[in-house]
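This report refers to the structure that appears directly beneath it.
Scope of the values below: all heavy atoms of this structure, side chains included, with no hydrogens, waters or symmetry mates.
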Amino acid sequence: VTNKDRDVALQKILNIALKDKKTHGKWLVFVHKDSIDASWSNVAKATVEGRLGVSAKVSTKPDPTRDTHLICVYCKRIYSCKIMTYLTVY
């Protein structure tokens, strides 16, 4: 799938969600265990300050098969959550 095809599909989904007023949801982001402390710190701070979603949570133990933690961010307007800007990648 090309980036253009992906963008077109996402825009169609967004249009349907907005039309039907179904914009609540959550982002599920898998973060490598080496990056989780910095990423969670950023996500938690942004959530508390009202710059991200309405709530968030993080797994306390990594998935042993992938060495990743899961961060969940719950949003009122799922498409306006800019979670990727708060993640730290090593």
Side-chain angles (χ1 to χ4, degrees):
V1 176
T2 66
N3 284 342
K4 182 179 179 184
D5 290 339
R6 182 197 57 160
D7 292 344
V8 168
L10 286 173
Q11 189 59 50
K12 286 180 181 179
I13 292 169
L14 172 60
N15 291 342
I16 292 167
L18 292 172
K19 178 180 160 262
D20 293 341
K21 298 183 173 123
K22 308 284 187 208
T23 59
H24 289 70
K26 68 181 172 183
W27 284 106
L28 302 174
V29 183
F30 295 90
V31 179
H32 191 270
K33 66 181 183 180
D34 293 341
S35 303
I36 194 63
D37 289 338
S39 292
W40 175 244
S41 177
N42 291 338
V43 167
K45 183 177 180 184
T47 301
V48 168
E49 293 174 351
R51 295 183 285 123
L52 196 50
V54 294
S55 66
K57 63 184 180 180
V58 64
S59 62
T60 56
K61 293 171 71 172
D63 177 337
T65 63
R66 297 177 17 177
D67 283 338
T68 58
H69 284 267
L70 175 62
I71 294 178
C72 299
V73 178
Y74 298 88
C75 304
K76 286 185 179 179
R77 291 184 53 88
I78 194 70
Y79 296 100
S80 64
C81 277
K82 304 289 186 196
I83 186 169
M84 300 311 284
T85 60
Y86 297 101
L87 300 179
T88 303
V89 180
Y90 290 100

| query | Which is it for L70 and D63 under the side-chain contact (heavy atoms from CB on, under 4.5 Å) test, yes or no, and what are the steps along the way? | reply | CA-CA 8 Å; L70 175 62; D63 177 337; over 6 Å; no

| message | Determine whether K19 and N15 satisfy the following criterion, side-chain contact (heavy atoms from CB on, under 4.5 Å), listing intermediate values before the conclusion. | response | CA-CA 6 Å; K19 178 180 160 262; N15 291 342; over 6 Å; no

| task | Quick one: do I71 and I36 satisfy side-chain contact (heavy atoms from CB on, under 4.5 Å)? Show the steps, please. | result | CA-CA 9 Å; I71 294 178; I36 194 63; 3.8 Å; yes

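The two atoms that bring C75 and G53 nearest to each other are SG-CA, 4.1 Å, heavy atoms only.
Counting heavy atoms from C-beta on, the side chains of L28 and C72 come closer than 4.5 Å. Inter-residue side-chain proximity for L52 and V43 is flagged as met; some heavy-atom pair is nearer than 4.5 Å. Put simply, the side chain of K76 does not reach to within 4.5 Å of the side chain of T23, judged on heavy atoms.
Rounding to the nearest 0.5 angstrom, the gap separating the CD1 atom in I13 from the CD atom in Q11 is 10.0 Å. Rounded to the nearest 0.5 Å, atoms OG (S55) and NZ (K26) are 10.0 Å apart. To the nearest 0.5 Å, atoms CH2 (W40) and NZ (K45) are separated by 14.5 Å. Taken from CZ in R51 to OG1 in T47, the straight-line distance is 9.0 Å, to the nearest 0.5 Å.
Hydrophobic clustering of Ile, Leu, Val, Met, Phe, Trp and Tyr side chains at less than 4.5 Å, counting indirect connections, keeps F30 apart from W27.
Judged purely by atom type and a 3.5 angstrom limit, H69 has no side-chain atom pairing as donor or acceptor with the backbone of V31.
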